[in-house]
Enquirer: 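There's a structure below that I have some questions on.
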Amino acid sequence: MQIKYLDTFTVARRWRRAHNARMVENAGPSRIAPYPIAVIMERVKLANRWATERWDAKGVVRDVMPAGSGERVIVSDENLTQIQFPGLTLKLHPDEAEGYIYNITSPQPKLFIMWRMRDDIARPESLSVSYHEGARWMDAEECVGGVALPSDLLPWIAEFAAEHYRPEPKKKVRYASSKDKGVASRRGGET
């Protein structure tokens with residue numbers, strides 16, 4: 001048995017690849033941040049009978065560590081420990097454009113960090129600059145910290161959000177009338 005359309009398929013596939021290559025050249029801003037990010041997590045010892053320590057995201061910096069580097073302690077004393085976690089990437093998604101706009105137009109734009117406890121250390125899992133995604137994480141009872149957004153990321157986020165934001169169409173307002181099913185209007189006390 002011989003498949004006769006196989007040559008046609010390879011030509012079509014080559015054309016599609018060439019077409020997609022042209023689209024990449026004209027594409028807007030990248031979905032991935034212009035540089036890798038390292039998150040600084042802070043542990044503070046507490047003098048409290050219910051909790052012995054508190055973890056929180058302290059900040060973010062440009063990751064200059066070689067690829068594959070592990071976390072490193074940058075501050076350590078008996079009451080305070082700060083650990084830098086390299087190798088995180090911030091990705092933008094077109095369907096979150098509205099959340100990006102809300103964030104970057106706020107008085108204090110934030111980078112949201114979702115972290116989880118593993119081996120008694122708070123380890124960052126995900127990054128986002130969308131107010132909506134940060135709120136969803138909090139609604140799911142995840143541990144989330146908001147730190148100041150590096151100012152050099154603002155133009156990149158603004159360009160991406162402007163390209164992908166599509167406001168929802170306004171819905172037609174419908175007023176109830178006495179002709180609606182199941183609604184009876186009694187004016188002037190008439191029954």
Side-chain angles (χ1 to χ4, degrees), residues 13-43 54-72 74 82-119 121-171:
R13 203 167 104 202
R14 275 190 220 125
W15 175 83
R16 191 175 19 181
R17 201 176 310 138
H19 176 70
N20 288 344
R22 277 185 270 130
M23 288 176 60
V24 170
E25 291 171 5
N26 299 330
S30 169
R31 294 175 129 187
I32 298 174
Y35 57 83
I37 295 172
V39 174
I40 299 170
M41 297 297 294
E42 180 178 78
R43 181 191 66 143
R54 180 187 74 231
W55 283 92
D56 202 9
K58 189 65 175 174
V60 294
V61 294
R62 185 182 297 245
D63 183 10
V64 294
M65 301 294 291
S69 297
E71 69 263 9
R72 66 185 182 110
I74 54 176
Q82 290 184 348
I83 304 173
Q84 182 178 352
F85 292 89
L88 293 156
T89 305
L90 176 61
K91 294 180 185 175
L92 300 182
H93 304 280
D95 56 341
E96 291 289 337
E98 184 179 36
Y100 303 146
I101 290 173
Y102 285 153
N103 188 9
I104 64 175
T105 58
S106 71
Q108 297 175 335
K110 302 278 185 194
L111 190 142
F112 300 100
I113 301 160
M114 192 260 295
W115 51 273
R116 293 188 175 135
M117 293 297 292
R118 284 188 283 136
D119 303 324
I121 297 175
R123 298 179 185 278
E125 299 276 327
S126 296
L127 304 175
S128 180
V129 289
S130 168
Y131 265 7
H132 299 322
E133 190 165 25
R136 282 193 302 272
W137 288 343
M138 287 184 239
D139 288 345
E141 298 183 6
E142 294 286 355
C143 298
V144 179
V147 299
L149 181 67
S151 60
D152 55 340
L153 291 178
L154 279 171
W156 168 67
I157 297 166
E159 185 180 353
F160 185 90
E163 182 175 316
H164 294 285
Y165 177 62
R166 302 288 175 262
E168 286 188 31
K170 294 192 178 204
K171 295 179 182 178

Enquirer: Nearest 0.5 Å please: distance from the CD1 atom of Ile104 over to the NZ atom of Lys110.
Expert: 15.5 Å

Enquirer: If you take all heavy atoms of Trp115 and Pro124, which pair is closest and at what distance?
Expert: CB-CA, 3.8 Å

Enquirer: Do the non-hydrogen side-chain atoms of Leu90 and Trp156 ever get within less than 4.5 Å of each other?
Expert: yes

Enquirer: Checking side-chain contact (heavy atoms from CB on, under 4.5 Å) for the pair Ile121/Ile83: CA distance, chi angles, key distance, verdict?
Expert: CA-CA 9 Å; Ile121 297 175; Ile83 304 173; 4.1 Å; yes

Enquirer: Under the side-chain hydrogen bond (donor to acceptor under 3.5 Å, both in side chains) rule, collect the residues that match up with Arg118, sequence neighbours excluded.
Expert: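 Checked Arg118 against side-chain hydrogen bond (donor to acceptor under 3.5 Å, both in side chains); matches are Glu125.
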
Enquirer: Do Pro36 and Leu88 come within less than 4.5 Å of each other through their side chains, counting heavy atoms only?
Expert: no

Enquirer: Mind running salt bridge (Lys or Arg N to Asp or Glu O under 4.0 Å) on Arg54 and Glu42 for me, showing each step along the way?
Expert: CA-CA 8 Å; Arg54 180 187 74 231; Glu42 180 178 78; 5.2 Å; no

Enquirer: Kindly indicate whether the side chain of Thr89, heavy atoms from C-beta on, has any atom under 4.5 Å from the side chain of Ile37.
Expert: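 No. Closest side-chain heavy atoms not under 4.5 Å.
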
Enquirer: Trp55 versus Cys143: any side-chain heavy-atom pair under 4.5 Å?
Expert: no

Enquirer: About how many Å separate CD of Glu159 and CG of Leu92, when rounded to the nearest 0.5 Å?
Expert: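 Here the interatomic distance stands at 11.0 Å.
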
Enquirer: State whether the side chain of Asn103 and the backbone N or O of Val129 hold a donor-acceptor pair below 3.5 Å, judged by distance alone.
Expert: yes

Enquirer: Looking at CG of Asp56 and CE of Met41, how far apart are the two atoms once the value is rounded to the nearest 0.5 Å?
Expert: 6.5 Å

Enquirer: Within the structure provided, determine whether Pro94 and Phe160 are in side-chain contact (heavy-atom separation under 4.5 Å).
Expert: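 A side-chain contact exists here, since the closest heavy-atom pair is under 4.5 Å.
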
Enquirer: Run Val39 and Val147 through side-chain contact (heavy atoms from CB on, under 4.5 Å) and show every step you take.
Expert: CA-CA 10 Å; Val39 174; Val147 299; over 6 Å; no

Enquirer: Write out all pairs satisfying side chain to side chain donor-acceptor pair (under 3.5 Å) with one or both partners inside residues 57-71, taking only residues at least two apart or from two chains.
Expert: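 Only Arg62-Asp152, Glu71-Arg123 qualify under side chain to side chain donor-acceptor pair (under 3.5 Å).
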
Enquirer: Go through it in stages, so that I can follow the logic: the residues are Arg136 and Glu96, the test is salt bridge (Lys or Arg N to Asp or Glu O under 4.0 Å), and I'd like the CA-CA distance, side-chain angles, deciding distance and then a yes or no.
Expert: CA-CA 12 Å; Arg136 282 193 302 272; Glu96 291 289 337; 2.3 Å; yes

Enquirer: Nearest heavy-atom pair of Ser128 and Glu133: which atoms, and what distance?
Expert: OG-OE1, 2.8 Å

Enquirer: Side-chain contact, heavy-atom cut-off 4.5 Å: Phe85 with Val60?
Expert: no

Enquirer: Is the distance between the ring centroids of Tyr100 and His164 less than 6.0 Å?
Expert: no

Enquirer: If I compare all heavy atoms of Gly145 with all of Ala57, which pair ends up nearest, and what's the gap?
Expert: CA-CB, 4.3 Å

Enquirer: Could you walk me through whether Leu149 and Ile157 pass the side-chain contact (heavy atoms from CB on, under 4.5 Å) check?
Expert: CA-CA 11 Å; Leu149 181 67; Ile157 297 166; 3.8 Å; yes

Enquirer: Do Val144 and Ile113 make a side-chain contact, defined as non-hydrogen atoms from C-beta onward lying under 4.5 Å apart?
Expert: no

Enquirer: When you check the side-chain N and O atoms of Ser130 and Tyr102, is any donor under 3.5 Å from an acceptor?
Expert: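 Ser130 vs Tyr102: no donor-acceptor pair found between side chains.
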
Enquirer: With sequence neighbours left out, write down each residue that passes ring pair (Phe, Tyr, Trp, His ring centres under 6.0 Å) with Tyr35, or none if nothing qualifies.
Expert: none

Enquirer: Looking only at heavy atoms, which two atoms of Leu153 and Pro34 are closest? And how far apart?
Expert: CD2-CD, 3.7 Å

Enquirer: Is there side-chain contact between Gln84 and Val61, with at least one heavy-atom pair below 4.5 Å?
Expert: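 Touching, per the 4.5 Å side-chain cut-off.
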
